[in-house]
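A note on names: the letters A, B, ... follow the listed sequences, proteins ahead of strands, and every chain is numbered from 1.
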There are 2 protein chains.
Amino acid sequence: MPTIRDVAEKAGVSVTTVSRVLNNRGYISEHTRKKVYQAMEELDYQPNEVARSLFRKKSNIIGLIVPSIAHPFFGELTSYVEYYAYCRDYKVLICNSMLDAAKEQEYIAMLRRNQVDGIIMASHTLEVEEYKKLDLPVVTFERFISDKIPYVTSDNYQGGKMAVELLLERGCKKIAHMCGSLHLDMLANQRHQAFLDVARERGAVCCTVETDMNAFEVDKYERLLTDLLTEQPDIDGLFLNSDLMALVAITVCRKLGKRIPEDVKLVGYDDVLLASLTSPQITTIRQPLDKMSELAVQLLESLIQGESVKVENCLPVELIERETT
Amino acid sequence: MPTIRDVAEKAGVSVTTVSRVLNNRGYISEHTRKKVYQAMEELDYQPNEVARSLFRKKSNIIGLIVPSIAHPFFGELTSYVEYYAYCRDYKVLICNSMLDAAKEQEYIAMLRRNQVDGIIMASHTLEVEEYKKLDLPVVTFERFISDKIPYVTSDNYQGGKMAVELLLERGCKKIAHMCGSLHLDMLANQRHQAFLDVARERGAVCCTVETDMNAFEVDKYERLLTDLLTEQPDIDGLFLNSDLMALVAITVCRKLGKRIPEDVKLVGYDDVLLASLTSPQITTIRQPLDKMSELAVQLLESLIQGESVKVENCLPVELIERETT
DNA sequence: GGACGTATGTTAACCGGTTGACACAAGGGT
DNA sequence: ACCCTTGTGTCAACCGGTTAACATACGTCC
């Protein structure tokens, strides 16, 4: 790899001059500028960003911690975050926490060692206190940590409400909600609150299935749903916290010989790409993932630049009715 | 952020001593080591990896270029690559080329600027020559560049062969293959070669649909498949180059009133998580993505360490028959 | 002829680590 | 008494850039 010295030599100028060209500061004649660019071209020179980062105390790298990029929701999220970050000249280091608290903490330490300018947290296995200690700019998805840490979310309560109301309107008598662990106070838990509130208000029978903390696995979903629907065969409405869960639910219903939407109705969540590609297509609550990701990147950049930002950033959800209701 | 100087001061030793503790070199008494560790603990010190990278000329970061992480295949791939890389103490910078050649080239330049130790390329929009010029360790997925650049692939010809043979065995008379652009000489094109060979050998009528270079979009697949199946309604077997395409094909067939597998049989490719979650579940050719990713990381690490490695790394595929055949 | 703007070079410090050379001291072994 | 091992410190150079301070040189304008 050629260095700035090689460029200077080749162009017949000083290192300072090359640096001035590179950073557009001070006086540079058109002639010299051309010579320098040409030398860079010939050497295929690329400035060493590691050296620049060290000096500037800014790496232009952000960390993104997700449970697993293999999960369609987080895959799409990552894709958007990377896109919007790159537009603002930030690179993304990815971390798959696999919903493992120790791993998540290790990742955070790693990101600090690597001097990332900020972190977007979409995995939350740690207690609030752990995040509060962080001296870095942080933006979270779907979790309130403190009034210093902005979060991006969508209107979970409204989403849960619309989902359940739709199920009841379509005639469901006994409904169930499948969600992740309710132990950590995630904003997504508001979906469950809405589920409970609406069910009570309308006098519907309801029950809840919490998937375990450490399981993001389809097998687990399948087992839980199979158990649920065999133990309580009169359940005729399912509200699922992700489209992936809904996808599994479709499979399980088919295996149990339950027709959708005749015998059981489903509402998923997220509206990932897949939701419209399944058979039947999944009725779901759409989170504006594109906008949410853009906003997260925007907020993080503002924090990095020392600006203060709104802490709560809640975007509207939308009911997309398809074929499972 | 505390520096090594702060640690030295707090522990009452010299910077050199702290560095020796950090890197386990030279003589250090147990007593001093403890003092230093305690100081690091108290300050919550993390060594600045940017400074270390600069000195060592090694960033312990690798770049991963994929078309889009939102695509389930590449999402899973990325997840595995990140996992195996992290096990070997490498961090991953992600790049979504979106199958855009200019973007891909920009990403490569960016990765060089950032001094990544190597690149895993799973997106290939550029001509072979462009990759040959790279002075970095590179491992590719599914593409032969030169005998200097190792590649990881699965047995594409065999995969194509098994897929088509299955379709014909199940009684298909007119089959079609949907694949990406055949323009660039990707190893995945061997699937198409196998498709043609087997079809000719068995005297089956066949045709091909190439998706456009720049389209990774489901809409595009849908349009192409709809056109195909309406213009040639006697097609009764589809071989699709990814499970995502197969998923779209299921939707299209349903819209056109064609039953699967009675009227049309499908074979997908990859065996991503989704393939077994759809209704009907997709018969597919399984690529051992986990092993392939691990191998890619292993190879890259070997290259980084200056070892020489086998150029061709081909893993076996497996036919997973499910419900679409 | 002096002031000023433009253009470039020289030098040195700095970012936060790592490393080698060398000095020095304490303790043990012979 | 001397050598060796162990433990620690000081100092300086280095990685590849950036930047401030200062010097110098050429035009040009008044």
Checklist entry - Which value, rounded to the nearest 0.5 Å, describes the distance between L300(B) atom CG and R88(B) atom CZ? => result 10.0 Å
Checklist entry - Looking at CD of E104(A) and CD1 of I65(A), how far apart are the two atoms once the value is rounded to the nearest 0.5 Å? => result 5.5 Å
Checklist entry - Below 4.0 angstrom, N of the basic side chain to O of the carboxylate: do K103(B) and E106(B) qualify? => result no
Next on the checklist: If we count only N and O atoms by modelled type, under 3.5 Å, do the side chains of S123(B) and S97(B) hold a donor and an acceptor together?
Outcome noted: yes
Next on the checklist: Using the ring pair (Phe, Tyr, Trp, His ring centres under 6.0 Å) criterion, which residues pair with F55(B)? Sequence neighbours excluded.
Outcome noted: none
Checklist entry - Should we count CD of E41(A) as having more than 12 external heavy atoms under 6.0 Å? => result no
Checklist entry - Within the pair T16(B) and dT8(D), is there a side-chain N or O less than 4.0 Å away from OP1 or OP2? => result no
Checklist entry - If we ignore angles and hydrogens, is there a donor and acceptor under 3.5 Å between the side chains of E130(B) and Q105(B)? => result yes
Checklist entry - Can you name the residues that form a side chain to side chain contact (heavy atoms under 4.5 Å, CB included) with A70(A), not counting sequence neighbours? => result S68(A), E76(B), S79(B)
Checklist entry - By a strict heavy-atom criterion of less than 4.0 Å, which residues belonging to residues 32-41 of chain B are in contact with DNA chain D? => result T32(B)
Checklist entry - NA contact type, T17(B), heavy-atom cut-off 4.0 Å: base, sugar-phosphate, or nothing? => result sugar-phosphate
Polar-atom pairs under 3.5 Å, protein N or O versus N or O of nucleotides 15-18 of chain D: list them with distances, or write none.
{"from": "dC15(D)", "atom 1": "O3'", "to": "K57(B)", "atom 2": "NZ", "distance (Å)": "3.1"}
{"from": "dC15(D)", "atom 1": "O2", "to": "F55(B)", "atom 2": "N", "distance (Å)": "3.4"}
{"from": "dG16(D)", "atom 1": "OP1", "to": "K57(B)", "atom 2": "NZ", "distance (Å)": "2.2"}
{"from": "dG16(D)", "atom 1": "N2", "to": "A51(A)", "atom 2": "O", "distance (Å)": "3.4"}
{"from": "dG17(D)", "atom 1": "OP1", "to": "Y45(A)", "atom 2": "OH", "distance (Å)": "3.3"}
{"from": "dG17(D)", "atom 1": "OP2", "to": "I4(A)", "atom 2": "N", "distance (Å)": "2.6"}
{"from": "dG17(D)", "atom 1": "O5'", "to": "Y45(A)", "atom 2": "OH", "distance (Å)": "3.0"}
{"from": "dG17(D)", "atom 1": "N7", "to": "R5(A)", "atom 2": "NH2", "distance (Å)": "3.2"}
{"from": "dT18(D)", "atom 1": "OP1", "to": "N23(A)", "atom 2": "OD1", "distance (Å)": "3.4"}
{"from": "dT18(D)", "atom 1": "OP1", "to": "N23(A)", "atom 2": "ND2", "distance (Å)": "3.2"}
{"from": "dT18(D)", "atom 1": "OP1", "to": "R52(A)", "atom 2": "NE", "distance (Å)": "2.8"}
{"from": "dT18(D)", "atom 1": "OP1", "to": "R52(A)", "atom 2": "NH2", "distance (Å)": "3.1"}
{"from": "dT18(D)", "atom 1": "OP2", "to": "S19(A)", "atom 2": "OG", "distance (Å)": "2.9"}
{"from": "dT18(D)", "atom 1": "OP2", "to": "N23(A)", "atom 2": "ND2", "distance (Å)": "3.4"}

Checklist entry - Over how many whole Å does the gap from N24(A) atom CG to dT19(D) atom P extend? => result 11 Å
Next on the checklist: Is there a side chain to side chain contact (heavy atoms under 4.5 Å, CB included) between I108(A) and Y131(A)? Walk through the geometry before answering.
Outcome noted: CA-CA 9 Å; I108(A) 291 174; Y131(A) 301 107; 4.3 Å; yes
Next on the checklist: In this structure, how many angstroms lie between the P atom of dT8(D) and the NE2 atom of H31(B), rounded?
Outcome noted: 8 Å
Item to check | Distance in angstrom units between I28(B) CD1 and dT19(C) P, rounded | outcome: 13 Å
Checklist entry - Between Y90(A) and Y84(A), is the ring centre distance below 6.0 Å? => result no
Next on the checklist: Need the bend value for the helix from dG1(C)-dC30(D) to dT30(C)-dA1(D): angle between end axes, 5 pairs each end, nearest 10°.
Outcome noted: 50°
Below 3.5 Å between N/O atoms, which protein atoms pair up with nucleotides 4-6 of chain D? Just atom names and distances, please.
{"from": "dT6(D)", "atom 1": "OP2", "to": "Y27(B)", "atom 2": "OH", "distance (Å)": "2.5"}

Checklist outcome for this item: Value for OG (S146(B)) from NZ (K132(B)), rounded to nearest 0.5 Å, stands at 6.0 Å
Checklist entry - Is it the case that E82(A) and N96(B) place a side-chain donor and acceptor less than 3.5 Å from each other? => result yes
Next on the checklist: Regarding D44(A) and R112(B), does a basic nitrogen lie under 4.0 Å from an acidic carboxylate oxygen?
Outcome noted: yes
Checklist entry - Think S29(A) has a side-chain N or O under 4.0 angstrom from the OP1 or OP2 of dA7(C)? => result no
